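Here's the structure, in structure tokens; my notes come after.
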2 protein chains.
Amino acid sequence: MDKSVARALSILEAVAGAHAPVRLSDVAQSLALQKSTVHRILRTLVSLGYVDQEPVTDRYRPTLKAWEIGMGALTHHPVRRAAAPFLNELHAATGETVSLTVLSGDDVLYLEKIVSPRPMSFSTRAGSRTPAPLAAGGQAILAHEPDAAAIVERVAARLLNRRDFDPDAFMRELADVRRRGYAISRPEPDVVAVAAPIMGQGGRAAGALTISGPASRLDDARLIDAVAALRQACARLVETVGQI
Amino acid sequence: MDKSVARALSILEAVAGAHAPVRLSDVAQSLALQKSTVHRILRTLVSLGYVDQEPVTDRYRPTLKAWEIGMGALTHHPVRRAAAPFLNELHAATGETVSLTVLSGDDVLYLEKIVSPRPMSFSTRAGSRTPAPLAAGGQAILAHEPDAAAIVERVAARLLNRRDFDPDAFMRELADVRRRGYAISRPEPDVVAVAAPIMGQGGRAAGALTISGPASRLDDARLIDAVAALRQACARLVETVGQI
DNA sequence: TCCTCCTGTTCCGCCAGACGGAACAACGTT
DNA sequence: AACGTTGTTCCGTCTGGCGGAACAGGAGGA
């Protein structure tokens, strides 16, 4: 199974995921690899153009080449292609932050996010992950996921002592979400988010559209409008593309 | 130089860059590799989560994992971080399409693009490339690039018979761009774009901001406004972050 | 100033493991 | 039914990745 390929990709992940240029020894230590091995692989990554090395500090940082090939994958992603115009439409109609999420493992992955011009505490960004049960979009998706219980349980185990998260109560809540057709969550004191699922084939959700903003602006009346806009957008989305 | 790593990444590029799920044989042929080699590497890429295989057709398609690590590289990109708020501001002020580009090899790379709600012929997208001399943003950058002549010559050789592109005339035009402080181009009949450089250290441009739209809407008066807004945004940008 | 502990880098012998030709099973087309 | 594909598997050869050890250079401390 091509050991060096696996190592090279894990090194690339480490370099790209760091907040600042990384040092060779840190990479070697965090991945439990030999320095000489990391050095050789980093040298090939440099020569391939995926990584470059700062001249003075000798630190390694990612190039935008990885991003380029990633963008290729994203732009051809069927759900994103289909949902893009509706995202813009929702943002134009409401003026709030609108995002598109899909399920990825036990997390929800933010494919796209059009932020409100009046910014709030910048929480998630395109390309970031959040445990599915903690995001409105994730709840909308999980409500139609056959093995939602298993996901919820794993997530509960993962953030064991983080906050009060009751799996059983959450599963009952999911039943409500499925019945209502939308999800609502208040992840932080002054933040509220509503989401509706993008229904795909087999009764499962291919993704979710979310509208979020400060609770002080999104009062009950505006939330009702937002939910209506979301559900209408999702309905037209699935009929536009038929089966995703 | 880790042959298998280089091969794996070129295979990943091929899979991610394709417009549709690809077949093993096509990858093998286009990269001049043995089928068994491609198969083995693809299997490791699948097991690492970078690629998955369609159940029925056995075709291979990219996962969003490559995009995730790429987004890590992008969000930590210094120029993009610094320029993001100004992009939003310019878009809010003008209502036109605003984009951020950097020089990458002989091309200009679109890091970000906020499209006008009134869309025009969708040309470039975030993550795509264009030969630097053919884009307004590229011209703004090249005007301050020491070896612009070499780049222009290579690009001229590359698109030899594509259109009438005169390197010498272009270099004279670049001098004007440098003196004026902004670039203007009309890549298609009804499209006009203006761009200003984001000046970095050493007198070189770290990137460029571009405003583009249909020529029918962007008349002379609006273009003058757009250029003023661009130059002001770029000036404040460099003073905000000091040395990029 | 010398010593110590880092760093990134280079060298090289060993042998794991990547390589690739060939053969395979499963479809689709002629 | 014969042929052209496809993706997949097998296996012998030997390349090329592996990693311990040694190196050069710099930072910090005594």
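Model, not experiment: these values are computed from the prediction. Proteins get letters first, then strands, A, B, ... in listed order; numbering begins at 1 in each.
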task: Go along nucleotides 16-24 of chain D 5' to 3' and tag each nucleotide: B for a protein heavy atom under 4.0 Å from its base, S when only backbone or sugar atoms are that close, - otherwise.
output: SSBBB----
Nearest 0.5 Å, what's the [atom1]-[atom2] distance between [X] and [Y]?
X       : Y       : atom1 : atom2 : value
A/Tyr60 : A/Arg43 : OH    : CZ    : 9.0 Å
A/Gln34 : A/Ile41 : CD    : CD1   : 12.0 Å
B/Lys35 : B/Arg40 : NZ    : CZ    : 14.5 Å

message: Measuring to OP1 and OP2 of C/dT9, would you say a side-chain N or O of A/Tyr60 lies under 4.0 angstrom away?
response: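 It does, given that an N or O in the side chain of A/Tyr60 lies less than 4.0 Å from OP1 or OP2 of C/dT9.
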field: Whole angstrom value for the distance that separates P of C/dA26 from CG of B/Asp58
entry: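 Distance check: B/Asp58 CG to C/dA26 P gives 13 Å.
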- prompt: Rounded to the Å, how far apart are B/His39 NE2 and C/dC19 P?
  reply: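 About 14 Å, once rounded to whole Å.
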message: Using a strict heavy-atom distance below 4.0 Å, which residues from residues 15-31 of chain A are in contact with DNA chain C?
response: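 Going residue by residue through residues 15-31 of chain A, the ones with a heavy atom under 4.0 Å of DNA chain C turn out to be A/Arg23, A/Leu24, A/Ser25.
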query: Among residues 46-54 of chain B, which contact DNA chain C at a heavy-atom distance under 4.0 Å?
result: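 Under 4.0 Å from DNA chain C: no residue of residues 46-54 of chain B.
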Is any NZ, NE, NH1 or NH2 atom of the basic residue among [X] and [Y] found under 4.0 Å from an Asp or Glu carboxylate oxygen of the other?
X        : Y       : value
A/Arg236 : A/Glu89 : yes
A/Glu54  : A/Arg23 : no
B/Asp2   : B/Arg7  : no

[X] and [Y]: which non-hydrogen atoms are nearest, and at how many Å?
X        : Y        : value
B/Ala208 : B/Gly137 : CB-O, 3.5 Å
B/Leu109 : B/Ser128 : CD1-O, 3.5 Å
A/Ala148 : A/Leu142 : CB-O, 3.4 Å

Side chain to side chain donor-acceptor pair (under 3.5 Å) between A/Arg80 and A/Thr75, worked out: CA-CA 7 Å; A/Arg80 190 211 144 268; A/Thr75 52; over 6 Å; no
